[in-house]
Amino acid sequence: MNSRLRLILTGALLFAYVILITYFLVTYSPENGEITTDWSPTDSLYEDSGDNAPELLAEFMNAYQRGDYDSARQYADSLNTKYPGSLYAKRAEDILAGLESDASDKTVAQNTPSASKSSDIKKTTARSTKFRSSRSKSSTPKVNKEQLAKENRERLEKAFERLRTVNDNRQQITWHYNKNVSHYVYKNSLEAYIGKNDEGDVWLRMRIYYTGEKPLNIESYEIHVAEKDYPISILYGSMERGKGPRGSWEWYDAQVSSKDLEMLRKVAEVGQTEIRYIGKSGTFRRMMTEPEKLRISYIVDAYNALMAQKQLLSSHTRSTQARF
C-alpha cells in the first residue's frame with residue numbers, strides 16, 4: 001500500500017513538473033531572452049478601471065486612427081457608460097474633443113505646398129527676433145524685454161491650447177501631451193511630450209511605438225527626413241515589450257538629445273519622413289502621417305516657447321541682480 005501511495009505521489013509530482021516546464025516554454029521568448037507579458041499593459045497615466053477598459057480604448061484608437069469616427073464615438077460612449085470618470089474614458093473624451101481642430105489643421109497642412117504652417121510661424125518668429133535683436137542696441141532694453149515677454153506669453157497660450165496637461169504630484173512634474181493622442185501601446189507612431197518641474201526645468205521626451213502580429217525585438221531606429229538618416233539606439237532609454245489581444249507591441253521612451261531635437265524640428269517642417277524599426281527578427285518601415293507630423297510640430301512649438309520663457313526669466317534675474 002505504501003509503495004502504491006509513493007507511486008501515485010511520484011506521478012503527481014512528475015505531472016506538475018511537466019505542466020510547470022510547459023508554462024515557462026510558452027511564456028519565454030527565446031528570440032530575445034525575455035519574458036513577455038500575456039496581458040495588455042497600462043501606461044503610468046492609466047488606472048486599472050475595469051476588466052476590458054484597455055481593450056475598449058484600443059478599439060477606440062484603432063477606429064480613430066483609420067478615420068472611422070462614428071465607431072470611435074461608439075467605443076467612447078461604451079467607456080463612459082461602463083467606466084465613468086476613469087482615465088480611459090477621459091482619454092477617449094480628450095481625443096474626440098480635439099477631432100474638429102485636428103481636422104482643420106490637417107486641411108491646412110494638405111493645402112500648404114512645401115512647408116507646414118508651423119514652419120512658417122517659426123521662421124517668421126526667428127526673423128522678427130533677429131530684427132528685434134539688431135534694434136536693441138539703439139532702443140531701450142526695458143521696453144524690448146517687456147515686449148518680448150508679452151509676445152512669448154501669447155505664443156505660449158496659443159501653443160498650450162493644443163495640448164493637455166497632466167500633473168504628477170508625487171514627483172512634482174507637469175507633463176504636457178497632445179490632446180488628440182493617447183500613450184496607448186497598440187499603434188505605430190512617433191510621439192513627443194514635455195516635462196516641467198517646480199524649479200522651472202524643462203525637458204523633452206519622445207516615444208516610438210510599434211505593433212504587429214509578431215515581435216521585431218527592436219534594437220534601433222532610423223528616422224529618414226530631409227535626405228538625412230537619424231539613428232536612434234535603444235541603449236539610451238527604456239524599451240517595453242509585450243503581447244496582448246491586438247498582437248505584439250514594443251515601445252521606446254527616451255530623453256530627447258540635441259540631435260533628436262534637430263530631427264524632430266525637421267520632421268515638423270519637412271514633407272515626407274520614413275521611420276525604420278530595426279530588430280533582431282526583421283525591419284519594419286513606414287511613412288509618418290500628416291496628423292502625426294502636426295502633433296510633433298505642436299509639441300516642438302510649445303517646447304520652443306517654454307525655453308524662450310526660461311531664457312527671458314533668466315535674463316531678467318541677472319539684470320535685477322546686477323542693479324543691486
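Quick note: residue numbers are just sequence positions, from 1.
Residue Glu213 places its CD atom among 12 or fewer non-hydrogen atoms of other residues, nucleotides or ligands, all under 6.0 Å distant.
Rounding to the nearest 0.5 Å gives a distance of 9.0 Å between OG1 of Thr283 and CD of Glu222. For the atom pair CD (Glu290) and OG1 (Thr273), the distance works out to 9.0 Å, reported to the nearest 0.5 Å. How far CG of Asp260 is from CE of Met206: 3.5 Å, rounded to the nearest 0.5 Å. Rounded to the nearest 0.5 angstrom, Phe160 CZ and Asp301 CG are separated by 11.0 Å. Atom OH of Tyr177 is separated from atom OG1 of Thr165 by 10.5 Å, given to the nearest 0.5 angstrom. Atoms CZ and OG, from Arg265 and Ser297 in turn, are 13.0 Å apart once rounded to the nearest 0.5 Å.
For Asn188 against Glu292, the heavy-atom pair with the smallest separation is O-OE2, 4.3 Å. Of all non-hydrogen atoms in Trp251 and Met239, the two that sit nearest each other are O-SD, 3.4 Å. Taking each heavy atom of Ala302 and Ile194 in turn, the nearest pair found is CB-CD1, 3.8 Å. Considering all non-hydrogen atoms of both residues, Tyr209 and Glu191 come closest at CE1-CG, 4.0 Å. Between Arg155 and Asn304 the shortest heavy-atom distance is NH2-CB, 3.3 Å. Looking at every heavy atom in both residues, Tyr210 comes nearest to Gly212 through OH-CA, 3.6 Å.
With hydrogens and angles ignored, the 3.5 Å screen pairs no side-chain donor or acceptor of Asn152 with any backbone N or O of Ala308. Remark: the backbone N or O of Tyr252 is not paired with any side-chain donor or acceptor of Arg207 at under 3.5 angstrom. For the pair Lys259 (side chain) and Pro231 (backbone), a donor-acceptor distance under 3.5 Å is absent. Here the side chain of Thr211 pairs a donor or acceptor atom with the backbone of Ser248 at under 3.5 angstrom. Listed for the Asn197 side chain is a donor-acceptor partner under 3.5 Å among the backbone atoms of Glu199. Between the Asp77 side chain and the Gln74 main chain, no donor and acceptor come within less than 3.5 Å of each other. Under a 3.5 Å cut-off, the side chain of Lys293 and the backbone N or O of Gln272 do not form any donor-acceptor pair.
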ask   = What's the verdict on side chain to side chain contact (heavy atoms under 4.5 Å, CB included) for Asp201 and Lys310, showing C-alpha distance, side-chain angles and the deciding distance?
value = CA-CA 8 Å; Asp201 298 317; Lys310 185 177 179 180; 3.9 Å; yes

message = The test is side chain to side chain contact (heavy atoms under 4.5 Å, CB included); show your working for Arg153 and Leu156 and say whether it passes.
response = CA-CA 5 Å; Arg153 281 196 300 271; Leu156 270 173; 5.6 Å; no

message = Would Val256 and Tyr303 count as a side chain to side chain contact (heavy atoms under 4.5 Å, CB included) here? Give the steps.
response = CA-CA 12 Å; Val256 169; Tyr303 176 76; over 6 Å; no

ask   = Is there a side chain to side chain contact (heavy atoms under 4.5 Å, CB included) between Ile234 and Tyr221 once you walk through the steps?
value = CA-CA 8 Å; Ile234 66 171; Tyr221 304 86; 3.9 Å; yes

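Leu190 and Ile278 are not part of a single hydrophobic cluster, where members link through side-chain heavy atoms under 4.5 Å apart.
Counting heavy atoms from C-beta outward, Leu163 and Tyr193 have side chains that stay 4.5 Å or more apart. At a threshold of 4.5 Å between non-hydrogen side-chain atoms, the residues Met288 and Val225 do not count as touching. Looking at heavy atoms from C-beta onward, Trp249 lies in side-chain contact with Glu240 at the 4.5 angstrom threshold.
Just one of Glu250, Arg285, Arg286 meets the side chain to side chain donor-acceptor pair (under 3.5 Å) condition when paired with Tyr277; it is Arg286. Of the candidates Val202, Leu204, Leu312, Met307 forms a side chain to side chain contact (heavy atoms under 4.5 Å, CB included) with just one, namely Val202.
In summary, the side chains of Asp68 and Tyr75 do not present any donor paired with an acceptor at a separation below 3.5 Å, with no hydrogens or angles considered.
Residues meeting the side-chain hydrogen bond (donor to acceptor under 3.5 Å, both in side chains) test with Gln255, sequence neighbours left out: Arg205. Taking Lys266 as the reference, Glu262 meet the salt bridge (charged side-chain N to carboxylate O under 4.0 Å, His left out) condition, with sequence neighbours excluded. In terms of the salt bridge (charged side-chain N to carboxylate O under 4.0 Å, His left out) criterion, residue partners of Asp70 (sequence neighbours excluded) are, by chain and number, Arg73.
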